[in-house]
Amino acid sequence: MRDYIPKYLNAFLLAFATFAVVFAIFIAKGSNSSSHLYFSTSSSLWTSSFSPALITEKRKRNGSNPGHGSWKRDGKVEAELATARALIREAQLNSHATSSSPLGDEDYIPHGDIYRNPYAFHRSYLLMEKIFKIYVYEEGDPPIFHYGICKDIYSMEGLFLNFMENDVLKYRTRDPDKAHVYFLPFSVVMILHHLFDPVVRDKAVLERVIADYVQIISKKYPYWNTSDGFDHFMLSCHDWGHRATWYVKKLFFNSIRVLCNANISEYFNPEKDAPFPEINLMTGEINNLTGGLDPISRTTLAFFAGKSHGKIRPVLLNHWKEKDKDILVYENLPDGLDYTEMMRKSRFCICPSGHEVASPRIPEAIYSGCVPVLISENYVLPFSDVLNWEKFSVSVSVKEIPELKRILMDIPEDRYMRLYEGVKKVKRHILVNDPPKRYDVFNMIIHSIWLRRLNVKLL
């Protein structure tokens, strides 16, 4: 009997292993025609074959590189894009143009070193306002589609959805044949809020909702299939926003993903994806967001208050938590201190990544006139294709955290004043307005999508 069991067990294991190999080969062969991608929830099981560079190369091999008319579209739509592309590239060659240029603008003329190329940005922005049209698919019902929560840390997702739904941003067209891009109006926040079971924790609910939605619009309309999803975009500020796209291959590889958590290590691809700021409107109110003392009245060198989570914050708290009179770092803000007021009287505001790379402290610092000190890894900063963050923020690596005070103290006063002035100037591009105003955060989001549809970089 003892001899029989091992033989029986060995035979069973061999048969099982054979079946597993055959099954794996079958799945691999069938994956080319599948419309879904299934990725392990463990990032350690991803391979380097899913690098952003390879994703971009895959887009080129597929023959659908936006900006080069490689699929059949309405001739007028493609002609508009080609004209815009040529004018922007012409502006890039004329990068030394000043406010005396023929690009008149009664509201604002971008200038200064906070921009990578202010003249090209201005030309691009004006063309966007004149030309750009977005079609919002009408399929789907609230609260999962066409709706979002307009407060808390996910407020930007909700506000954008609501503004697009009500055409507050003035880019929406009701004629899909005249659109340059197509918006998939699902809310990752609302999917998880209404359909995700916190006990079962079945993340596949994202797959079921989003994959079904793409299937519906791809059968009803020609646009998704015509472009392979390249001229479509989704937007999310949820931590799992990137995960929501894993389950639909073309959405992940091809479409424009507009995400707060623009993390290169989670396969955010700045060649096609667009980052936007995470802004925590705790009550939904947008009044009194900005303020702060003048530089000479800012008595605190640097300030941070926040919980210890992620990989970077514990390092910061370990070195600086309540240990220095100039670098004020707290895990729990002491009684009598107000978070906003502390930012408004500090010269520098420390903005470390937490669980995710994006941090609402960056916009909060800018609103407070406080120079952001960025401590993150693999983070693509919002609107960094237009804005030169080096001119209004300070970047510190994780390994430099022990030297934080020295680094900030060594910044000459004239450089600090330039950073402070840069913060004041860039504020208009990060500010939340209802209704939106020209050049504000919502129009900057649209501009990021516009650039990726054109496949143009503002150098």
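Nothing fancy with the numbering, it's 1 onward along the sequence.
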Donor-acceptor side-chain pairing of Ser308 and Arg313 below 3.5 angstrom
no
Determine whether Lys437 and Asp107 satisfy the following criterion, salt bridge (Lys or Arg N to Asp or Glu O under 4.0 Å), listing intermediate values before the conclusion.
CA-CA 10 Å; Lys437 297 179 180 180; Asp107 290 331; over 6 Å; no
Arg208/Asp212 salt bridge by N-O under 4.0 Å criterion
no
State whether a side-chain donor-acceptor pair under 3.5 Å links Tyr171 with Asn443.
yes
With distance as the sole criterion, is a donor-acceptor pair present between the side chains of Glu278 and Ser359 under 3.5 Å?
no
Does any donor atom in the side chain of Asp152 or Ser155 lie under 3.5 Å from an acceptor atom in the other side chain?
no
Ring pair (Phe, Tyr, Trp, His ring centres under 6.0 Å), that's the test. Do His429 and Phe392 meet it? Break it down for me.
CA-CA 13 Å; His429 299 309; Phe392 54 89; 9.3 Å; no
Please determine if Arg428 forms a cation-pi arrangement with Tyr108, meaning its NZ or CZ atom is less than 6.0 Å from the six-membered ring centre and no more than 45° off the ring axis.
yes
Strictly under 6.0 Å, is that where the ring centroids of Tyr137 and Trp224 end up?
no
Charged N to carboxylate O under 4.0 angstrom, Arg452 versus Asp385?
yes
Using a strict cut-off of less than 4.0 Å between a Lys/Arg side-chain nitrogen and an Asp/Glu carboxylate oxygen, indicate whether Arg438 and Asp105 qualify as a salt bridge.
yes
Any ion pair linking Asp273 and Arg257 (charged N to carboxylate O, less than 4.0 Å)?
yes
Salt-bridge test for Lys424 and Glu421: reply yes if a basic N is under 4.0 Å from a carboxylate O, no otherwise.
yes
Parallel, tilted or perpendicular: which describes the rings of Phe145 and Tyr213, with under 30° parallel and over 60° perpendicular?
parallel
Write out all pairs satisfying disulfide (SG to SG under 2.5 Å) with one or both partners inside residues 106-176, taking only residues at least two apart or from two chains.
none
Check the angle between the aromatic planes of Tyr439 and His122 and answer parallel, tilted or perpendicular using the 30° and 60° thresholds.
tilted
Step through the shown structure and confirm whether more than 12 heavy atoms of other residues, nucleotides or ligands are within 6.0 Å of CD on Glu139.
yes
Could you tell me if Asp228 and Asn254 have a donor-acceptor pair between their side chains, going purely by distance under 3.5 Å?
no
Under a 3.5 Å cutoff, is there a donor and acceptor pairing between the side chains of His180 and Glu80?
yes
Within residues 352-380 or reaching into it, pairs that qualify as ring-ring contact (aromatic ring centres under 6.0 Å, His included) - sequence neighbours excluded:
His309-His355
Working to the nearest 0.5 Å, report the span between CD1 of Ile109 and OH of Tyr119.
10.5 Å
Show the numbers, then the answer: is there a salt bridge (Lys or Arg N to Asp or Glu O under 4.0 Å) between Glu129 and Lys170?
CA-CA 9 Å; Glu129 289 185 316; Lys170 305 301 182 184; over 6 Å; no
Carefully, step by step, assess Phe196 and Ile191 under the rule side-chain contact (heavy atoms from CB on, under 4.5 Å).
CA-CA 7 Å; Phe196 181 72; Ile191 292 172; over 6 Å; no
Stepwise ring pair (Phe, Tyr, Trp, His ring centres under 6.0 Å) test for Phe233 and Phe183
CA-CA 5 Å; Phe233 75 95; Phe183 180 40; 4.7 Å; yes
Does a side-chain heavy-atom distance below 4.5 Å link Val398 with Leu316?
no
Quick one, Phe121 with His447, criterion ring pair (Phe, Tyr, Trp, His ring centres under 6.0 Å). Give me CA distance, side-chain angles, the key distance, then yes/no.
CA-CA 9 Å; Phe121 166 54; His447 184 259; 5.1 Å; yes
Lys457 atom NZ, over 12 foreign heavy atoms within 6.0 Å:
no
Would you compute the distance between atom CG of Asn261 and atom CZ of Arg243 and round it to the nearest 0.5 angstrom?
12.0 Å
Are more than 12 heavy atoms, taken from residues, nucleotides or ligands other than Lys345, located less than 6.0 Å from that residue's NZ atom?
no
For the residue pair Asn332 and Lys307, confirm or rule out a side-chain donor-acceptor distance under 3.5 Å.
yes
For the OH atom of Tyr147 and the CD atom of Glu157, what is their distance to the nearest 0.5 Å?
12.0 Å
Go through the structure and list residues passing disulfide (SG to SG under 2.5 Å) with Cys370, not counting sequence neighbours.
Cys349
Once the angle between the rings of His232 and Tyr182 is folded into 0 to 90°, is it parallel (under 30°), tilted (30 to 60°) or perpendicular (over 60°)?
parallel
Flag this pair as yes if the NZ/CZ of Arg347 is under 6.0 angstrom from the six-membered ring centre of Tyr416 and inside a 45 degree cone about the axis; otherwise no.
yes
Distance alone, cut at 3.5 Å: any donor-acceptor contact between the side chains of Ser397 and Glu400?
yes
Salt bridge Glu90-Arg123, side-chain N to carboxylate O under 4.0 Å:
no
Between Ser265 and Asn263, do the side chains contain a donor N or O and an acceptor N or O under 3.5 Å apart?
yes
Using a 6.0 Å distance limit plus a 45 degree cone around the ring axis, check whether Arg453 lies over the aromatic ring of Trp450.
no
